[in-house]
2 protein chains.
Amino acid sequence: MNISAAAQAAGLPVKTVRYYADIGLVAAPARSAAGYRVYDGSAVRKLVFIRRAREFGFGIEDCRDLLGLYKDRDRCSAEVKQIAARRLEQIEAKQRELQSLHSELSHLVEACRGDSRPDCPIIDYLG
Amino acid sequence: MNISAAAQAAGLPVKTVRYYADIGLVAAPARSAAGYRVYDGSAVRKLVFIRRAREFGFGIEDCRDLLGLYKDRDRCSAEVKQIAARRLEQIEAKQRELQSLHSELSHLVEACRGDSRPDCPIIDYLG
DNA sequence: GTAATCCTTCCCGTGACTGGAAGGTCAAGG
DNA sequence: CCTTGACCTTCCAGTCACGGGAAGGATTAC
């Protein structure tokens, strides 16, 4: 399996697959005689795992830890849960921030007539 | 007014104030005989304006446009409203994304016992 | 044989700064 | 007058997680 087949199977761009090996997030793949990277099903499963974790917004370092726990059959689920709970807190913090921004900005947008006249509560608020 | 006084008055780091002049977001300040940047109240007001816009999450280019509209007494409020409405849509899109992530991840975290045993719905879902 | 498609490495760019090094300037105290 | 410390300057590098593209070698299909 060459890199483009592996990337497609994992649902990732080729560049990203190379990048993950460069930073040591996945093991460096074997090479063909011509120097091409050679992937197998196990490597693809790890790439899929990382893609899903990234879709949840886990950072690369969290992915590294999660992948370690994935490969370790003797892990404690507590370790996994701790990482996930931390991410959940990040998400909730961001949600609170966005909620506050949305509330303020939507009031301003509603109060702005949006016509050809210059008076504007949005500008007034910022200035 | 030297840069640190201006930065403090605007509520921004010194580095950021320099950066905004470097990229032409604000006009290059006058210089003292020794080459120090010299700021006045008008420049500080513009920096405060940018800080508030950035706090709403407007990008630098939006800030550039908003600052232009701020300085233009003949602006149409419609132009301001359009920029703000676009930002509001970005916020709402991000909120939907986070809502979806939160829903999925919180279910997984709740379903994970988080003890010393290895079975873990979070890892199962990712793998 | 050759053209198209793959693969490789390498370097630069993203957004909006932030940190730090090397060196010049200024005000206060001894 | 000298020093000390706080300020200022420029420039370079790093952040995060890649993406774009160039230069050049390998493989594959016709």
Student: Evaluate D115(B) against K81(A) for salt bridge (charged side-chain N to carboxylate O under 4.0 Å, His left out), listing each step before the verdict.
Tutor: CA-CA 9 Å; D115(B) 57 17; K81(A) 185 168 183 169; over 6 Å; no
Student: Under 3.5 Å, is there an N or O donor on one side and an acceptor on the other linking the side chain of Y19(B) and the base of dG15(C)?
Tutor: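 A donor-acceptor contact between them is absent.
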Student: Check this for me, if you would: do E97(A) and K94(A) make a salt bridge, where the nitrogen-to-carboxylate-oxygen distance has to be below 4.0 angstrom?
Tutor: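 A salt bridge links E97(A) with K94(A).
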Student: Are the side chain of R37(B) and the backbone of R18(B) linked by a donor-acceptor contact shorter than 3.5 Å?
Tutor: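 Not a single qualifying donor-acceptor pair exists.
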Student: Could you state the atom-to-atom distance from CG of D62(B) to C1' of dA16(C) in whole Å?
Tutor: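 Atom-to-atom, D62(B) to dA16(C), this comes out as 14 Å.
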Student: Calculate the interatomic distance between Q8(B) atom CD and dA6(D) atom C1'; express it in whole Å.
Tutor: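 Between C1' of dA6(D) and CD of Q8(B): 14 Å.
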Student: Let me know the distance between OH of Y36(B) and P of dG23(C), rounded to the nearest Å.
Tutor: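 Rounded to the whole Å, the gap is 16 Å.
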Student: Between P on dA16(C) and CD on E55(B), what's the gap in Å once rounded to a whole number?
Tutor: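 After rounding, the gap between these two atoms is 15 Å.
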Student: Rounded to the Å, how far apart are L47(B) CG and dC17(C) P?
Tutor: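 Result: 12 Å.
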Student: Among dT18(C), dC7(C), dA16(C), find the nucleotide with the atom closest to the side chain of I60(B).
Tutor: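 Closest nucleotide among those given: dA16(C).
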Student: Tell me whether the OP1 or OP2 atom of dA17(D) has a side-chain N or O from Y20(A) closer than 4.0 Å.
Tutor: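 Y20(A) to dA17(D) OP1/OP2: no side-chain N or O under 4.0 Å.
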Student: Closest-nucleotide mapping onto DNA chain D: is V14(B) or A33(A) further toward the 5' terminus? I mean the 5' end.
Tutor: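 Result: V14(B).
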Student: Heavy atoms from C-beta onward define the side chain here; which of dT9(D), dT27(D), dC18(D) lies closest to that of R37(B)?
Tutor: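 Of dT9(D), dT27(D), dC18(D), dT9(D) is nearest to the side chain of R37(B).
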Student: Is there a path from V38(A) to L12(A) through hydrophobic residues (I, L, V, M, F, W, Y) whose side chains come within less than 4.5 Å of each other?
Tutor: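 No, V38(A) does not connect to L12(A) through the hydrophobic network.
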Student: Need one value for I3(A): base, sugar-phosphate or nothing, where a base atom within 4.0 Å counts as base even if backbone is also close, heavy atoms only.
Tutor: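 Answer is sugar-phosphate: I3(A) comes under 4.0 Å of backbone atoms only.
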Student: Without decimals, in angstroms, what is the distance between I50(B) CD1 and dG15(C) P?
Tutor: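 Nearest whole value for this atom pair: 17 Å.
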Student: Measure from CG on D22(B) to C1' on dC11(D) and round the result to the nearest Å.
Tutor: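 Distance, rounded to whole Å: 11 Å.
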Student: Calculate the interatomic distance between R31(B) atom CZ and dC26(C) atom P; express it in whole Å.
Tutor: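 Between P of dC26(C) and CZ of R31(B): 14 Å.
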Student: Look at all strands and tell whether R18(B) reaches a base, only sugar-phosphate, or nothing, counting heavy atoms closer than 4.0 Å.
Tutor: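 Base contact.
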Student: Quick check: on DNA chain C, is the nucleotide nearest T16(B) upstream (toward 5') of the one nearest N2(A), or the reverse? Name the residue that is more 5'.
Tutor: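 Looking at the nearest nucleotide for each, N2(A) comes out on the 5' side.
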Student: Does the plane of the ring in Y125(A) sit parallel, tilted or perpendicular to the ring in F56(B)? Use 30° and 60° as the thresholds.
Tutor: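 Plane angle between 30° and 60°, so tilted.
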Student: Need one value for F58(B): base, sugar-phosphate or nothing, where a base atom within 4.0 Å counts as base even if backbone is also close, heavy atoms only.
Tutor: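 It contacts nothing in the nucleic acid.
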Student: Counting side-chain heavy atoms from C-beta on, which of dC6(C), dG21(D), dT18(C) comes nearest to K15(A)?
Tutor: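 Selected nucleotide: dG21(D).
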Student: Which residue, A34(A) or E61(B), contacts DNA chain C at a nucleotide closer to its 5' end, judged by nearest heavy atom?
Tutor: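 Looking at the nearest nucleotide for each, A34(A) comes out on the 5' side.
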Student: Classify S32(A) by what it touches in the nucleic acid, base, sugar-phosphate, or nothing, heavy-atom distance under 4.0 Å.
Tutor: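 If one applies the 4.0 Å heavy-atom cut-off, S32(A) turns out to touch nothing in the nucleic acid.
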